[in-house]
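Take a look at the structure below.
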There are 2 protein chains.
Amino acid sequence: MTNAQTDKQVAHRLSDLGVRYTAGRRAVVAGLANGEGPMTVTELQSTLSVPIPLSSLYRSLSVLSEAGIVSPHHSGHGATRFELAEWLTGHHHHLVCVSCGSVNDIEISSDHEQGLKDLVSALAAGSDFAATDHSLEIDGECRECRR
Amino acid sequence: MTNAQTDKQVAHRLSDLGVRYTAGRRAVVAGLANGEGPMTVTELQSTLSVPIPLSSLYRSLSVLSEAGIVSPHHSGHGATRFELAEWLTGHHHHLVCVSCGSVNDIEISSDHEQGLKDLVSALAAGSDFAATDHSLEIDGECRECRR
DNA sequence: TTCCTTGCAAACGATTTGCATTGGA
DNA sequence: TCCAATGCAAATCGTTTGCAAGGAA
């Protein structure tokens with residue numbers, strides 16, 4: 001299930017937006033909260049205790065994305081992966097396995113993160129671009145695929 | 001058209017691999033070489049002087065990807081974007097517009113790049129992951145979308 | 001000739017949508 | 001009661017593939 005803290009934050013946010021926090025949406029948030037990293041809709045579906053049709057999952061994910069509760073990621077083998085937004089899980093980056101397509105979260109030290117931020121502002125300043133976010137993707141081979 | 005230098009490098013690489021550098025494949029390389037950043041197959045198609053069916057473009061892109069001449073990117077609104085590989089264009093990062101989905105290349109200074117590399121090795125060392133590459137994605141709003 | 005490439009159309013997988021039904025405030 | 005949420009089936013969209021025709025070595 002979802003950690004109580006996260007669940008409360010989500011409930012509050014949705015209530016502010018006048019959006020219902022239904023059983024289906026709770027299931028989605030709980031499923032994502034239990035993952036180690038962003039997951040595809042099919043993966044998410046398979047982790048749910050109560051079966052929910054894909055179309056409903058997509059609809060819930062869409063609502064939750066617009067509410068800023070989940071973030072979609074497109075870096076991979078065909079299917080979009082979803083995870084809880086960073087204000088719920090903390091800022092992090094991704095290890096992407098080029099072999100199997102799996103994605104795992106990784107956190108970096110605050111001084112490294114500060115370095116990244118500085119780099120991003122410097123870059124954005126030089127171009128005509130209003131940067132709001134950044135993400136470092138590290139590609140390589142995961143332990144599983146290497147053996 | 002493709003810059004002569006690039007074209008020659010591509011021709012040489014393909015010849016080494018025993019793969020033909022056909023008119024269709026030249027058109028793809030030229031189309032990508034003229035772009036400002038990674039483009040979708042549909043975008044690529046629209047820039048070609050001679051019309052080429054999508055299926056052929058996908059097949060050419062597949063061959064060229066396997067030959068290491070083009071790199072696919074999945075960070076965006078649904079469709080995969082392709083661009084020439086970095087050994088042809090130089091290492092760079094991406095500015096991704098969260099509003100319209102466009103992606104533009106951006107280069108960073110060598111000292112900043114060195115910082116990134118160090119960061120990546122440090123992170124990979126701490127986890128069970130064989131890092132081979134990295135890419136920094138900066139999300140925000142492009143000039144067009146901001147006005 | 002022989003193998004690789006291309007076009008066209010059909011097939012596919014991921015995601016979206018129309019519509020009737022269900023459920024919650 | 002009344003509108004939002006859900007399930008199911010059909011529709012879309014990006015991408016892949018089978019197969020027959022075209023080309024280069």
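Chain identifiers are assigned alphabetically (A, B, ...) following the order of the sequence lines, protein sequences preceding nucleic acid strands; residue numbering begins at 1 within each chain.
- Look at CZ on B/Arg81: it is 12 Å from P on D/dG14, rounded to the nearest Å.
- For residues 23-44 of chain B, no pair satisfies ring pair (Phe, Tyr, Trp, His ring centres under 6.0 Å), with sequence neighbours left out.
- Atom CD of B/Glu66 and atom C1' of C/dC4 are 14 Å apart (whole Å).
- At least one side-chain heavy atom of B/Leu88 sits under 4.5 Å from a side-chain heavy atom of B/Gln9.
- Taking atom CG on A/Leu14 and atom P on C/dG24, their separation rounds to 16 Å, with Å as the unit.
- Going from atom CG of B/Leu61 over to atom C1' of D/dG14 covers 13 Å, rounded to whole Å.
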Protein and nucleotides 22-25 of chain D: nitrogen or oxygen contacts under 3.5 angstrom:
none

Which atom pairs, one a donor and one an acceptor, fall under 3.5 Å between side chains of residues 102-111 of chain B and the rest of the protein, sequence neighbours left out?
residue	atom	partner	partner atom	Å
B/Asp105	OD1	B/His92	NE2	3.4
B/Asp105	OD1	B/His94	NE2	3.2
B/Ser109	OG	B/Asp111	OD1	2.6
B/Ser109	OG	B/His112	N	3.4
B/Ser109	OG	B/His112	ND1	3.1

Donor-acceptor pairs under 3.5 angstrom involving side-chain atoms of residues 54-69 of chain A: please list them, not counting sequence neighbours.
residue	atom	partner	partner atom	Å
A/Ser60	OG	A/Ser56	O	3.2
A/Ser65	OG	A/Leu61	O	2.7

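- Between the CG atom of A/Leu57 and the P atom of C/dA14 there is a distance of 14 Å, given to the nearest Å.
- In terms of modelled atom types and a separation under 3.5 Å, the side chain of B/Asn34 and the main chain of B/Ala30 share a donor-acceptor contact.
- Of the residues in residues 45-56 of chain A, those lying under 4.0 Å from DNA chain D by heavy-atom distance are A/Ile52, A/Pro53, A/Ser55, A/Ser56.
- Contact annotation for A/Thr80: backbone-only contact, meaning every heavy-atom pair under 4.0 Å involves sugar-phosphate atoms and none involves a base.
- Side-chain contact between A/Ser127 and B/Leu95 is present, with heavy atoms from C-beta onward closer than 4.5 Å.
- Residue pairs that meet the ring pair (Phe, Tyr, Trp, His ring centres under 6.0 Å) test with at least one member in residues 117-147 of chain B, sequence neighbours left out, are B/His91-B/His134, B/His93-B/His134.
- Atom C1' of nucleotide C/dA14 and atom CG of A/Leu44 are separated by 15 Å, given to the nearest angstrom.
- The two residues B/Thr47 and B/Gly31 come nearest to each other via the heavy atoms OG1-CA, 4.2 Å.
- Among the heavy atoms of the strands lying under 4.0 Å from A/Arg59 is at least one base atom, whether or not backbone atoms are also near.
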